[in-house]
Amino acid sequence: MPKSLSNTGLFIALLVIGCWVASIVLLMRWHFSFANPLVYLLVLVQMHLYTGLFITAHDAMHGTVSPNRTLNNLTGYICTFLYASFWYPKLYTKHHQHHSHVHTADDPDYHEGGFWSWYVRFIRNYLSVWQIVVMAIVFNILKLWIPQPNLIMFWVVPSLLSTLQLFYFGTYQPHKGEHDNPYFARSQRRNHVAAFLSCYFFGYHYEHHDAPWVPWWKLWRALPGAESKK
């Protein structure tokens, strides 16, 4: 990986993390009213930032945050913990299993059922009892200093909504149904604004499987066959 690219990847990762931290800190201190429509817009913004945390961790799983392995993996650990106390090594293993066995019985992300049964299986496959316990402990500690409505609206709800965002645009839509390519994946219609807002360009999912070494912020420029041109 060129040094300029590695510096950019780490900068963008820190930018995503920094935006999430700044947003969560400000929103935890906001005395809001449920009658204020801005509240619900900010829930969506926070949802998008949560998705950014996970996408950044995903880049770390592919080693595209930094060529320095320690920095790369540290970024992955931080993002998965901030997202929902996920254990990075577990996600790393399962994600690479997805790439190696896509659309098979050994693919942890694939299910032959409908949307909701697939989503429930997807969540159960990654969620652990210990993770729920850690999140519950953190919630009950934080509510000693932070109003519970703020925690629910800007910490819990956006995180849950982002799982739907990640699943729908990054797993369900790309991999459902039949495919005529070796990655069993399809991409959304090319619209870079919509692709970024929906899931940080991961709607261009064929391109990701074809060139998993391309970070999310360059994925919009990836073309089919990019892996063979590496």
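Note that the coordinates shown come from a computational prediction; the quantities given were computed from them, not determined experimentally.
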W118 and Y110 aromatic ring geometry - parallel, tilted or perpendicular at 30°/60° bounds: perpendicular
Any W30 side-chain heavy atom under 4.5 Å of V39 side chain: yes
Heavy-atom check, side chain of I152 versus side chain of F139, under 4.5 Å: yes
Side-chain donor-acceptor pair present, H62, H96, cut-off under 3.5 Å: no
Spacing of CG belonging to L14 relative to OG1 belonging to T75, to within rounding of 0.5 Å: 6.5 Å
Exam field: side chain S85 to backbone M135, donor-acceptor pair closer than 3.5 Å: no
Among H111, H103, H99, H98, the one residue meeting ring-ring contact (aromatic ring centres under 6.0 Å, His included) with H175: H98
Single-linkage hydrophobic cluster V157~L41, side-chain heavy atoms < 4.5 angstrom: yes
Derivation of the ring pair (Phe, Tyr, Trp, His ring centres under 6.0 Å) call for W87 and F81: CA-CA 7 Å; W87 182 235; F81 181 78; 9.6 Å; no
Minimum-distance pair of heavy atoms, taken over all atoms of M28 and P147: O-CD, 4.0 Å
Separation of L127 CG from I132 CD1 (nearest 0.5 Å): 4.0 Å
N/O donor-acceptor pair under 3.5 Å between S187 side chain and H205 backbone: yes
Full working for side-chain contact (heavy atoms from CB on, under 4.5 Å) between M61 and Y88: CA-CA 9 Å; M61 294 174 204; Y88 177 72; 3.7 Å; yes
Test side chain to side chain donor-acceptor pair (under 3.5 Å) applied to H192 - qualifying residues, sequence neighbours left out: Y204
Exam field: side chain R186 to backbone E178, donor-acceptor pair closer than 3.5 Å: yes
Heavy-atom pair of closest approach, residues N191 and Q188: O-NE2, 4.3 Å
CG-CD1 distance between L160 and I123, expressed to the nearest 0.5 angstrom: 8.5 Å
Spatial distance of atom OG (S162) from atom CG (L44) [nearest 0.5 Å]: 11.5 Å
Minimal non-hydrogen separation, L161 against M47, with atom names: CB-SD, 3.5 Å
Exercise: do D109 and Y126 side chains pair donor with acceptor under 3.5 Å: yes
Polar contact flag, side-chain donor to acceptor under 3.5 angstrom, Y206-N181: no
Distance (rounded to the nearest 0.5 Å) between N7 CG and I12 CD1: 11.5 Å
Heavy-atom donor-acceptor pair, N72 side chain to V65 backbone, under 3.5 Å: yes
Non-hydrogen side-chain atoms of W217 and T64 separated by less than 4.5 Å: no
Test item: side-chain donor near acceptor, Q165 and T51, under 3.5 Å: yes
Joint hydrophobic cluster, V25 plus L38, side-chain heavy atoms closer than 4.5 Å: yes
Parallel, tilted or perpendicular: ring planes of F86 versus Y83, cut at 30 and 60 degrees: parallel
Trace of the side-chain contact (heavy atoms from CB on, under 4.5 Å) decision for V16 with L49: CA-CA 7 Å; V16 172; L49 291 174; 5.7 Å; no
Pairs where residues 31-42 contributes a residue and the test side-chain hydrogen bond (donor to acceptor under 3.5 Å, both in side chains) is met, not counting sequence neighbours: none
Partners meeting side chain to side chain donor-acceptor pair (under 3.5 Å) with Q173 (sequence neighbours left out): Y168
Test log, rule side-chain contact (heavy atoms from CB on, under 4.5 Å), inputs L166 and Y50: CA-CA 10 Å; L166 286 160; Y50 265 103; over 6 Å; no
Separation of S159 OG from Q46 CD (nearest 0.5 Å): 9.5 Å
H58-H208 side chain donor-acceptor pair, cut-off 3.5 Å: yes
Under 4.5 Å side-chain linkage, directly or through intermediates, the cluster mates of F184: V102
Heavy-atom closest contact (S198 atom, A195 atom, distance): OG-O, 3.1 Å
Minimum heavy-atom distance between P149 and F34, given as atom pair plus value: CB-CZ, 4.2 Å
hydrophobic_cluster_shared for L151 and L26, side chain cutoff 4.5 Å: no
Pair T163-F122, side-chain contact (heavy atoms from CB on, under 4.5 Å): steps then yes or no: CA-CA 10 Å; T163 66; F122 180 80; 6.0 Å; no
Side chain T104, main chain H101, donor-acceptor under 3.5 Å: yes
Worked verdict on K218 versus E207 for salt bridge (Lys or Arg N to Asp or Glu O under 4.0 Å): CA-CA 11 Å; K218 289 177 71 77; E207 288 79 359; over 6 Å; no
Contacts of Y119 that satisfy ring pair (Phe, Tyr, Trp, His ring centres under 6.0 Å) - sequence neighbours left out: W116, F167
Aromatic ring pairing W216/Y200, orientation class (parallel under 30°, perpendicular over 60°, tilted between): perpendicular
Qualifying side-chain hydrogen bond (donor to acceptor under 3.5 Å, both in side chains) pairs, either residue in residues 141-153, two or more places apart: N140-K143
Atom of N125, atom of P108 and distance for their closest heavy-atom approach: ND2-O, 2.8 Å
